[in-house]
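We're numbering straight along the sequence, starting at 1.
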Amino acid sequence: MKILVFSDSHGRTMRMIECIEEEMPDMLFHLGDMVDDTVDLRSVFPEIPLVNVCGNNDWGSDAPVQETVDVQGTRFFLTHGHRHRVRTTTERLADAARDAGCQVALYGHTHESLLEEYPDLTVANPGSISMPYGELPSYLRITVEQGKKPKLELIHIEQEETHWFRRRLNRKKYHN
C-alpha cells in the first residue's frame, strides 16, 4: 500500500494534485495548515481515503489535533506538531507516539523535511509542499506491507521555470 503525506499546503492545492495524479497512492495523510485544502483533495480524488489533522493555522476546524491510523499492521501517529513543540525537539512527539502504541510518528509545522530512525519508532516530517523553509517543496511517500517495516521516502520537488506561468516538476528521491 502506498501512502502520500503532505503538510503545510497553505491553500496551494495544485502541487498536491499533481503529485497524487503522478503517484496514484492508495491513501493520503494531510498534517494540517490548511485543513480546507483536504476538501479540494477529497473532491478531486473521492476514491482515495484521506486522513487529516488540524494545524496551528486551522482556526475553527473540527478536525482532530492528532490521530492514530492502522495500516496493514503498522500504527501511525499523525499530528501537526505545534502542540508537541517540534520546533525545538521531537522527543515529546516521539513519547506521545510510543504511548499511543505507534511505530511511525508524522508531523508538520516546521516546513522542513526530516526523517529520524529510532530502534522502536520512525519520526518523519514531509516538509512543506508549498512554502518550504530553506529547501525544495516536499512530501513523504510511505510503502506499507503487512509484516514488514514501512519504507519512508522524502520526495523533494525540483522546480524549473519554463515560462512565467508554467513549471516543469521533476522529483528527486531521498530514501531512509
Side-chain angles (χ1 to χ4, degrees), residues 1-12 15-16 19 23 25 27-35 37-38 41 49-59 61 63-145 148-157 171-176:
M1 173 174 277
K2 185 194 308 185
I3 305 167
L4 296 188
V5 184
F6 299 103
S7 188
D8 298 286
S9 50
H10 291 279
R12 297 179 183 141
R15 191 169 286 142
M16 289 188 294
C19 295
E23 297 253 10
M27 185 174 241
L28 300 169
F29 294 159
H30 190 282
L31 305 176
D33 281 0
M34 300 308 269
V35 153
D37 296 347
T38 63
L41 296 181
L50 190 153
V51 180
N52 64 280
V53 294
C54 67
N56 59 299
N57 288 308
D58 292 316
W59 308 289
S61 170
V65 173
Q66 63 189 43
E67 189 76 56
T68 57
V69 181
D70 292 301
V71 179
Q72 295 192 2
T74 298
R75 191 164 171 90
F76 293 89
F77 185 87
L78 281 62
T79 189
H80 186 62
H82 59 294
R83 294 203 176 162
H84 295 92
R85 296 184 229 139
V86 294
R87 286 201 189 279
T88 56
T89 180
T90 59
E91 288 178 27
R92 286 182 282 283
L93 170 66
D95 289 342
R98 287 183 185 104
D99 290 347
C102 297
Q103 293 82 42
V104 179
L106 302 172
Y107 73 100
H109 188 55
T110 65
H111 292 231
E112 297 173 313
S113 60
L114 175 81
L115 192 51
E116 293 179 310
E117 290 283 341
Y118 298 97
D120 62 336
L121 182 71
T122 301
V123 176
N125 183 330
S128 174
I129 191 67
S130 68
M131 300 169 59
Y133 296 162
E135 61 183 40
L136 295 170
S138 58
Y139 64 97
L140 186 64
R141 179 192 305 134
I142 304 174
T143 307
V144 183
E145 292 182 46
K148 293 185 178 181
K149 184 176 179 177
K151 178 181 176 184
L152 285 75
E153 302 170 271
L154 286 169
I155 311 298
H156 288 82
I157 302 169
R171 275 135 180 86
K172 191 174 182 180
K173 300 177 186 176
Y174 298 88
H175 303 278
N176 65 330

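- Smallest separation of non-hydrogen atoms from L136 and I157: CB-O, 3.5 Å.
- Remark: K2 pairs with L4, E23, P25, D26, R141 by the side chain to side chain contact (heavy atoms under 4.5 Å, CB included) rule, at least two apart or across chains.
- Residues P64 and E67 meet the side-chain proximity criterion, which asks for heavy atoms closer than 4.5 Å.
- Residues meeting the side chain to side chain contact (heavy atoms under 4.5 Å, CB included) test with A63, sequence neighbours left out: V35, N52, C54, S61.
- Applying the side-chain hydrogen bond (donor to acceptor under 3.5 Å, both in side chains) rule to T88 yields the partners R92; only residues at least two apart in sequence or on another chain are considered.
- By the side-chain hydrogen bond (donor to acceptor under 3.5 Å, both in side chains) test, D33 pairs with N57, H80, sequence neighbours left out.
- Ring centroids of F29 and F6 are separated by 6.0 Å or more, keeping the two rings apart.
- Taking 4.5 Å as the limit, some side-chain heavy atom of P137 sits within range of a side-chain heavy atom of R15.
- Under the 4.5 Å side-chain criterion, counting only non-hydrogen atoms from C-beta, N125 is not in contact with E112.
- Taking the six-membered ring where the residue is Trp, H109 and H82 present tilted rings, their angle falling between 30° and 60°.
- Residues that satisfy the ring pair (Phe, Tyr, Trp, His ring centres under 6.0 Å) test with Y107, not counting sequence neighbours, are absent from this structure.
- With values rounded to the nearest 0.5 angstrom, M16 atom CE is found 3.5 Å from S9 atom OG.
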Evaluate the side chain to side chain contact (heavy atoms under 4.5 Å, CB included) criterion for residues M131 and R12: first the C-alpha distance (whole Å), next the side-chain angles of each, then the deciding distance (0.1 Å), finally the verdict.
CA-CA 9 Å; M131 300 169 59; R12 297 179 183 141; 3.0 Å; yes

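- Here the shortest heavy-atom pairing between G108 and L31 reads N-CD1, 4.1 Å.
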Checking side chain to side chain contact (heavy atoms under 4.5 Å, CB included) for the pair L140/L106: CA distance, chi angles, key distance, verdict?
CA-CA 10 Å; L140 186 64; L106 302 172; 3.6 Å; yes

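- Counting only N and O atoms by type, the side chains of T122 and E117 include a donor and acceptor under 3.5 Å apart.
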Please assess S130 against D8 for the test side chain to side chain contact (heavy atoms under 4.5 Å, CB included), listing each intermediate value before the final yes or no.
CA-CA 7 Å; S130 68; D8 298 286; 5.7 Å; no

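- For the pair V71/I142, no side-chain contact is recorded, criterion being any heavy-atom separation below 4.5 Å from C-beta on.
- Under the 4.5 Å side-chain criterion, counting only non-hydrogen atoms from C-beta, L121 is in contact with V123.
- Within the structure, every pair that satisfies the salt bridge (Lys or Arg N to Asp or Glu O under 4.0 Å) test and touches residues 69-89, not counting sequence neighbours, is listed here: D70-R75.
- D99 pairs by the salt bridge (charged side-chain N to carboxylate O under 4.0 Å, His left out) definition with nothing, not counting sequence neighbours.
- Rounded to the nearest 0.5 Å, atoms NE2 (H10) and CD1 (I129) are 12.0 Å apart.
- For the pair N56 and D58, the minimum side-chain heavy-atom distance is 4.5 Å or more.
- Here Y139 contributes atom OH and H30 contributes atom NE2; the two are 14.5 Å apart, rounded to the nearest 0.5 Å.
- Looking at residues two or more places apart in sequence or on another chain, you find no side-chain hydrogen bond (donor to acceptor under 3.5 Å, both in side chains) involving S128.
- S7 is linked by a side-chain hydrogen bond (donor to acceptor under 3.5 Å, both in side chains) to nothing, counting only residues two or more places apart in sequence or in another chain.
- If you check the side chains of T90 and E116, you find a donor sitting under 3.5 Å from an acceptor.
- Scored by the side chain to side chain contact (heavy atoms under 4.5 Å, CB included) test, S138 finds S113, E135, H156 as partners (sequence neighbours excluded).
- Every ring pair (Phe, Tyr, Trp, His ring centres under 6.0 Å) that Y133 has, sequence neighbours left out, goes to H111.
- Between V51 and L78, the closest side-chain pair of non-hydrogen atoms falls below 4.5 Å.
- Contacts of E91 classified as side chain to side chain contact (heavy atoms under 4.5 Å, CB included), with partners at least two apart in sequence or in another chain: T89.
- Under the 3.5 Å distance criterion, the side-chain polar atoms of T74 are left unmatched by any main-chain donor or acceptor of V104.
- The side-chain heavy atoms of L114 and P126, taken from C-beta on, include no pair separated by under 4.5 Å.
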